[in-house]
Amino acid sequence: MIQLEHVTKTYPKASRPSLDDVSVGIEKGEFVFFIGPSGSGKSTFVKLLLHEVTPTRGKVIVNQRDVTSMRSWKIPSFRRSIGCVFQDFRLLPNRTAYENVAFALEVIGKSKAVARRVVPEVLELVGLGGKEHRYPNELSGGEQQRVAVARAFVNRPLILLADEPTGNLDPDTSIEIMRLLDRINRTGTTVVMVTHDSNIVNQMRRRVVEIDSGRIVRDQPRGVYG
Amino acid sequence: MRFRYVLSEVLVGLWRNVTMTVAMIITMAVSLTMLGASFVLYRQVDQMKTWYYDRIEVSIFLSKDITDAQRQNIDASLTGDELVRSVEYENKEQAYTKFRELYADAPDLLSAVKPDQLPESFRVKLKDPQQYQLVFDKYKNTEGIDDIVDQRKLLNKIFDILGAIQTMALVAASIMAVAALMLVGNTIQVAAYSKRREVAVMKLVGASNWFIQSPFVLEAVVAGVVGAVLAFVGLVLSKWLLIDGSLQTLNQLLTPVHWSTIFATLPLMAAAGALISAVTAWVTLRFYIRV
């Protein structure tokens, strides 16, 4: 599903590479944690998968498509196969929970009728039934992140990419979000989660890939934070 | 659905930033008025050239002491000349009549001039008015000819003036166009900034570039077209109030400006306005909304 082959990424003006000859493979349906301290290259990894940056050397293959050599006009349709969740939720403040999720459908050309059918379903799935018409500032942090997850999942992407999704949440709420991601994983969606939340990694007991100074230092199935 | 989405985005976008929108439309309108005016002038000069060149003559003034034989000699060689289309002889009396018509509002001048002070002349129309120089060279040393005057030379002064006005209008149009370009660029930047959250989410979920950019580009195009319509209204008003109004006396000198010429400026200005805005907006977005 995701394949990095000897990927090196050096930003302009940086003295050392953010990722240094990294090779890693993720199978369809896996749940993988990427852990490591700040500045270890985790975010670069996420940006590479989304084609926000291109590797200096090496190949990135997502869903059998070589992202490295992808033409720029193909990127939007490529991104539709990846759902994204971030630490800061990235919701539109002037739209309700329903509208935030529906927006993601509308801007890729789905009709309002499709949105009316699909959006309540996915909001129900993330546990926000009955709160469709609340605005983000009327929802708790955990609920906002659920809206973000719903938005990421509404297109049924093959991959769900979560960049520190629990970074702004308290431990109990974090566990609820993790349960949600776990449930999404069980539908067959590959989940890649970047985090430095040791509690969560230790509780989930899934595959752990540890990055330090741009290199993979550990890759173990059913791992702990270390 | 998509069309309605784009339309509402465009209107909301223009309204959110209304002072900038107005500034953009006004500059665009002034610039396009200049462009339209220079187009009208261009058409006008063209039209005047064909109109006048059809009528202008080369005047061959004869010396006072010309003999009948010399006169007949000149007449014969002009009539037989292959460059010449027609020859007309004008005696002193005829010249005086024309002179009186021409200076009817200057009685002092009229009373000072007597018929026999005016020279006789041949009024010659050429097959091709451009070939004046050949005729001049051929006849300048002929006995009995005092002076050869090409009316085209006088006309060229008028055309030079009109051409200068046209150039000035084009220069003004280009300067205003630069200002309009900057305003369009700035407006698009502000619009893109005020919608940066939406744009970020759209990119994230994989909306196509076309879908993200079209509302911004259309915003600029709408402003450009509104500017063109205002410019057109301006030209119609100036035709109505100036050319057909206070400047009507000039119509004896200039050929009349037809309404069709004025109407032809509308598609020209609309296309120029829309194209300039669209390209500027698109280029601006290239820098501000990267994939």
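Values reported hereafter were calculated over all heavy atoms of this structure, with side chains retained and with hydrogens, waters and symmetry mates removed. Here is the naming used below: chain letters follow the sequence lines, and residue numbers restart at 1 for every chain.
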Chemist: How about CD on A:Glu138, more than 12 heavy atoms from neighbouring residues, nucleotides or ligands closer than 6.0 Å, or not?
Modeler: yes

Chemist: Would you mind telling me which of A:Phe86, A:Phe103, A:Trp73, A:Phe78 has the largest number of heavy-atom pairs within less than 4.5 Å of chain B?
Modeler: A:Phe103

Chemist: Inspect the surroundings of CZ in A:Arg57 and state if more than 12 heavy atoms from other residues, nucleotides or ligands are less than 6.0 Å away.
Modeler: no

Chemist: Would you find a donor on one side and an acceptor on the other, under 3.5 Å apart, between the side chain of A:Arg79 and the backbone of B:Val205?
Modeler: no

Chemist: Can you give me the closest heavy-atom contact between A:Pro76 and B:Ala207, atom names plus distance?
Modeler: CB-O, 3.5 Å

Chemist: Kindly check if the number of other-residue, nucleotide or ligand heavy atoms within 6.0 Å of CZ (A:Arg186) is above 12?
Modeler: no

Chemist: Does atom NZ of A:Lys59 have more than 12 heavy-atom neighbours, drawn from other residues, nucleotides or ligands, at distances under 6.0 Å?
Modeler: no

Chemist: Which distance, rounded to the nearest 0.5 Å, do you find between the CG of B:Leu204 and the CD of A:Glu52?
Modeler: 7.5 Å

Chemist: If we only count heavy atoms from C-beta on, is the B:Glu198 to A:Val107 side-chain gap below 4.5 Å?
Modeler: no

Chemist: Does a sphere of radius 6.0 Å around CZ in A:Arg65 hold more than 12 heavy atoms from other residues, nucleotides or ligands, not counting ones at 6.0 Å or beyond?
Modeler: yes

Chemist: Are B:Arg197 and A:Pro93 side-chain neighbours, meaning at least one heavy-atom pair lies under 4.5 Å?
Modeler: yes

Chemist: Kindly compute the distance separating CZ (A:Arg80) from OG (B:Ser208), expressed to the nearest 0.5 Å.
Modeler: 6.0 Å

Chemist: Where does A:Asn100 contact chain B at under 4.5 Å (heavy atoms): side chain, backbone, both or neither?
Modeler: neither

Chemist: Could you tell me whether B:Lys127 atom NZ has more than 12 heavy atoms of other residues or ligands within 6.0 Å of it?
Modeler: yes

